[in-house]
Amino acid sequence: MSEQTLIVKVFRYNPEVDERPYYATYEVPWREGMTVLEVLRYIYEVYEPIAFRFHCRSGVCGACGVMLNGTPVLACRTYIEKPGEITIEPLKNFNVIRDLVVDRRPALEQTIKLEPWLVRSSKASDFEKISWSLEDREKFYLLATCRECYLCRAACPAAEVGFRKPELTKYPGPKFYMRDLATRILDPRDEAKESRLVKMKEDIDVYACTTCRK
Ligand code: SF4
Ligand code: FES
């Protein structure tokens with residue numbers, strides 16, 4: 001093994017053939033500027049097919065989230081700084097479909113319950129009559145940059161309780177404030193703020209957010 005080698009432990013699990021998850025270890029030549037995604041692609045091309053998601057390769061689509069040494073990261077934007085050992089696992093607080101691919105459907109179903117789209121009875125042509133401060137617009141656009149990568153859910157202790165013990169809380173993680181609630185609440189065109197606040201309490205157990213005290 002060269003001093004420029006990465007020893008990569010990867011979580012593997014194919015529920016169709018594996019009784020339980022296991023870790024496979026691969027040697028990958030390290031180079032400066034190498035990303036986690038490039039490590040995964042090297043393993044896929046040189047050793048064997050492993051399942052992982054990616055799309056844009058530039059930190060935009062939010063598809064490539066994984067755990068690197070226990071920390072949620074975007075694989076395409078995270079560099080491996082030096083050779084040595086690393087462990088790559090699927091995002092926490094999701095069920096695994098296969099290897100590093102997790103099932104996002106429960107989170108998406110909770111999103112849909114909040115009706116995160118614009119709810120308004122009047123026509124789009126009326127929108128120009130609605131006053132919307134520059135300050136609120138700037139906040140809106142900042143929050144709307146959420147790429148729905150779900151790294152925050154993987155890092156969130158309250159979401160972990162919701163995942164492991166759904167009888168205790170339905171709290172789905174911080175992304176729901178960012179993308180689904182805050183953007184709508186800041187949007188003066190929207191007419192469903194009140195009903196969303198009720199759903200926020202009943203369907204996503206928003207007060208669980210305070211329980212980690214961080
Ligand atoms: S709020 Fe969560 S889902 Fe949205 S970009 Fe940030 S970490 Fe990703
Ligand atoms: S591949 Fe799109 S954010 Fe990483």
Please set out all donor-acceptor pairs under 3.5 angstrom arising from side-chain atoms of residues 81-90, sequence neighbours excluded.
unit_1: Glu89; atom_1: OE2; unit_2: Tyr23; atom_2: OH; d: 2.4

In residues 163-173, what donor-acceptor pairs under 3.5 Å come from side-chain atoms, sequence neighbours left out?
unit_1: Arg164; atom_1: NE; unit_2: Glu160; atom_2: OE2; d: 3.2
unit_1: Thr169; atom_1: OG1; unit_2: Tyr171; atom_2: N; d: 2.9
unit_1: Thr169; atom_1: OG1; unit_2: Asp205; atom_2: OD2; d: 2.4
unit_1: Lys170; atom_1: NZ; unit_2: Glu202; atom_2: O; d: 2.7

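Surrounding OH of Tyr44 are at most 12 heavy atoms belonging to other residues, nucleotides or ligands under 6.0 Å away. Other residues, nucleotides and ligands place more than 12 heavy atoms under 6.0 Å from the CD atom of Glu45. Enclosure of atom CZ in Arg120 by more than 12 non-hydrogen atoms of other residues, nucleotides or ligands within 6.0 angstrom is indicated. Heavy atoms from other residues, nucleotides or ligands lying under 6.0 Å from CZ of Arg189 number more than 12.
Using a distance-only test at 3.5 Å, with no hydrogens or angles considered, no donor-acceptor pair links the side chain of Lys175 to the main chain of Cys149. Under a 3.5 Å cut-off, the side chain of Arg184 and the backbone N or O of Pro116 do form a donor-acceptor pair. When atom types are taken as modelled, the side chain of Tyr26 and the backbone of Val39 share no donor-acceptor pair closer than 3.5 angstrom. Under a 3.5 Å cut-off, the side chain of Thr78 and the backbone N or O of Ala75 do not form any donor-acceptor pair. In this structure a side-chain-to-backbone donor-acceptor pair under 3.5 Å is missing from Arg153 to Ala159. In this structure a side-chain-to-backbone donor-acceptor pair under 3.5 Å is missing from Glu138 to Glu135.
The aromatic rings of Tyr13 and Phe11 sit perpendicular to each other, their planes meeting at more than 60°, with 30° as the lower class boundary. In this pair, Phe140 and Trp132 present their aromatic rings perpendicular. The plane angle is above 60°, beyond the 30 to 60° band.
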Between Asp187 and Lys193, is the salt bridge (Lys or Arg N to Asp or Glu O under 4.0 Å) condition met? List the steps.
CA-CA 9 Å; Asp187 187 341; Lys193 295 189 199 333; 5.8 Å; no

Stepwise, does the side-chain contact (heavy atoms from CB on, under 4.5 Å) test hold for Cys64 with Leu74?
CA-CA 5 Å; Cys64 65; Leu74 284 181; 3.9 Å; yes

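Legend: salt bridge (Lys or Arg N to Asp or Glu O under 4.0 Å) pairs involving residues 11-22, not counting sequence neighbours, sorted by first then second residue: Arg12-Glu48, Arg12-Asp99.
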